[in-house]
Amino acid sequence: MKKFFIVVILLGVLLIAGYGISYFVSPVKSVVLEEYGHEIGITSENAYIVRDETVYYSGAAGTVYNSVAEGDRVSRDMLISTVYNGSVDSAALRGLSMMDDEIRRLSSDTIGLTAADGATAENEISKRMESIPKLASSNDIEKVHEYKNDINSLRSGDELPEDSELEALQSRRAEYEAGLSSAKKDIISDRSGIFSTYIDGLETILTPESVKTYDAEYIRSLSAGRMHSETGSLVAVGDPVCKVMNNHIWYILGITDSEHAAILNSAENITARFTALSDASARGTVEYVSEPDANGECLYLIQIPSYIDSAFSYRNLDADIIVEEYDGFKVPTEAIRTGEMINDYYVYATKGSDTYKCKCDVLYTDTTDGFSIIQSSEDAEVKLTSMERLIVGER
């Protein structure tokens, strides 16, 4: 029995000694210093993308041929689609598409050759003369021959070969198209923007102006369709064929509760982030927040004045609306000490066995959860980034 008590006493002594050693080696209470990003905002699942968009409808029954690729930018008064009377063979449409691709290529080349950027013929001659030695060294004899012909044509003021080739191809296209159908209806864009054939029936319902007259219940009742009039599709008179969307300004429409609506109402600028678009983000402004309805829900509308390519393929997206962002060190608020001056704050931090006083700026404080986001003051002699642990409590 004596031996048992002796063992217990020895264990107690060892424990006390171990505690004493750890007490003098490290602070009573400390935490690892880690950089942290904190965001304040809301998350909207299945938010609606609202755009200023114009739908174009078929003026005839027949076969659709789109002159523009999905997602391409178009200009005002541009041919974007054609509906040929009756049914047109898909192989014939592919032939027409190949001609259009070649016309676009030659048109692009011709712009450069005719010095659309304001350069003179001498500038164009100089460019080609500078390129010829490089082409010759790479044994591109065909291109060297082409550039020599260009130089001769430019010097004599003659039409460049690309001009005449383009005109000939455009003439052949007109003849080819005449053989496709007895009649056609062209669709000409009356605005500039992004071309698309994905039409969901909400284009005239979800407009930047109309959404301000809706409530949460109505928005939840909306269902996007999926009408896709790709090249080769058969359409009737009045069917939607394509649309053109404003690619400079678009909107996010979401539903939130009154508490989060208050956060948005106080925000001047926000950042919208989209998980489905590989976390792509864009800056925006809060344009509208509705009054709470009978269920305490509000609608909000965020304006995004920047282009995100893939966003134009969606009507609904999960969106994080970030009102404030703080990057620094997340620390227990109790660890922050107050200096003698206003807004004079510091913390104690350690590196190895050494303790340092580190001046800091308090970026954000959460009084509910008892933490703050801090960063080193500009004039701090010791930066938090070089520290390992933060002392929370005194010895």
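Position 1 is the first residue of the sequence; numbering continues from there.
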Spacing of [atom1] belonging to [X] relative to [atom2] belonging to [Y], to within rounding of 0.5 Å:
X    : Y    : atom1 : atom2 : value
C298 : H260 : SG    : NE2   : 11.5 Å
E70  : C242 : CD    : SG    : 10.0 Å
T285 : Q303 : OG1   : CD    : 4.5 Å
T207 : D52  : OG1   : CG    : 8.5 Å
Q375 : C358 : CD    : SG    : 13.5 Å
I373 : L363 : CD1   : CG    : 7.5 Å

Establish whether [X] and [Y] are linked, either directly or via other cluster members, by ILVMFWY side-chain heavy-atom contacts under 4.5 Å.
X    : Y    : result
L206 : V55  : no
Y198 : V235 : no
L317 : V211 : no
Y48  : I304 : no
F274 : L301 : no

Distance-only polar pair, side chains of [X] and [Y], donor-acceptor under 3.5 Å:
X    : Y    : result
S81  : N66  : yes
T333 : S372 : yes
S192 : R76  : no
R389 : T350 : no
N85  : S181 : no

Ring centroid separation Y307 to F312 under 6.0 Å: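 Y307 vs F312: aromatic centres under 6.0 Å.
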
Y346-Y348 aromatic ring centre distance below 6.0 Å: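 That pair passes the under 6.0 Å test.
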
For residues [X] and [Y], report the shortest heavy-atom separation together with the two atoms involved.
X    : Y    : value
L390 : P332 : CD2-CD, 4.1 Å
A311 : W250 : CB-CH2, 3.9 Å
I252 : A319 : CG2-CB, 4.4 Å
P305 : R283 : CD-O, 3.4 Å
L234 : S87  : CD2-CA, 4.2 Å
V237 : A61  : CG2-N, 3.7 Å

[Y] side chain reached by [X] side chain, heavy atoms, under 4.5 Å:
X    : Y    : result
L299 : I219 : yes
Y57  : D239 : no
I270 : I322 : no
V347 : L384 : yes
I42  : L264 : yes
D344 : K359 : yes
V68  : M78  : yes
K184 : V83  : no

Parallel, tilted or perpendicular, as decided by the 30° and 60° cut-offs, for the rings of H38 and Y36: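 Judged by the thresholds at 30° and 60°, the geometry between Y36 and H38 is parallel.
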
Aromatic ring pairing Y84/Y65, orientation class (parallel under 30°, perpendicular over 60°, tilted between):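 Tilted: the ring planes of Y84 and Y65 meet at 30° to 60°.
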
Taking atom [atom1] of [X] as the centre, report whether more than 12 heavy atoms of other residues, nucleotides or ligands fall under 6.0 Å from it.
X    : atom1 : result
K212 : NZ    : yes
E217 : CD    : no
K383 : NZ    : yes

Trace of the side chain to side chain contact (heavy atoms under 4.5 Å, CB included) decision for V241 with T197: CA-CA 7 Å; V241 175; T197 60; over 6 Å; no

Working for side-chain hydrogen bond (donor to acceptor under 3.5 Å, both in side chains), residues Y300 and S44: CA-CA 10 Å; Y300 68 83; S44 279; 2.4 Å; yes

Charged N-O contact under 4.0 Å between [X] and [Y]:
X    : Y    : value
D100 : R173 : yes
K330 : E34  : no
E53  : R191 : no
K357 : E381 : no
R273 : E325 : no

Verdict with reasoning, D361 to S377, per side-chain hydrogen bond (donor to acceptor under 3.5 Å, both in side chains): CA-CA 5 Å; D361 296 326; S377 302; 3.2 Å; yes

Donor-acceptor under 3.5 Å (S210 side chain, I205 main chain):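 Yes, the answer is positive, given that a donor and an acceptor are paired below the 3.5 Å cut-off.
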
Test applied, side-chain contact (heavy atoms from CB on, under 4.5 Å); reference residue, Y56; option that passes from P240, S229, S189: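 The option that passes is S189.
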
Intermediate values then yes/no, side-chain hydrogen bond (donor to acceptor under 3.5 Å, both in side chains), T82 and D186: CA-CA 4 Å; T82 300; D186 287 334; 2.8 Å; yes

Candidate pair R220 and I255, rule side chain to side chain contact (heavy atoms under 4.5 Å, CB included), full reasoning: CA-CA 9 Å; R220 284 199 176 95; I255 301 172; 3.9 Å; yes

From CA spacing to verdict: side chain to side chain contact (heavy atoms under 4.5 Å, CB included), Y314, L277: CA-CA 10 Å; Y314 291 85; L277 306 180; 3.5 Å; yes

Candidate pair L202 and R315, rule side chain to side chain contact (heavy atoms under 4.5 Å, CB included), full reasoning: CA-CA 9 Å; L202 299 180; R315 177 63 74 184; 4.2 Å; yes

Stepwise side-chain hydrogen bond (donor to acceptor under 3.5 Å, both in side chains) check, T43 with D320: CA-CA 4 Å; T43 295; D320 293 319; 2.8 Å; yes

From CA spacing to verdict: salt bridge (charged side-chain N to carboxylate O under 4.0 Å, His left out), E167, R172: CA-CA 9 Å; E167 289 177 4; R172 288 202 306 275; over 6 Å; no

Audit row: K351, D354, salt bridge (charged side-chain N to carboxylate O under 4.0 Å, His left out) steps and yes/no: CA-CA 5 Å; K351 184 174 183 180; D354 296 325; over 6 Å; no

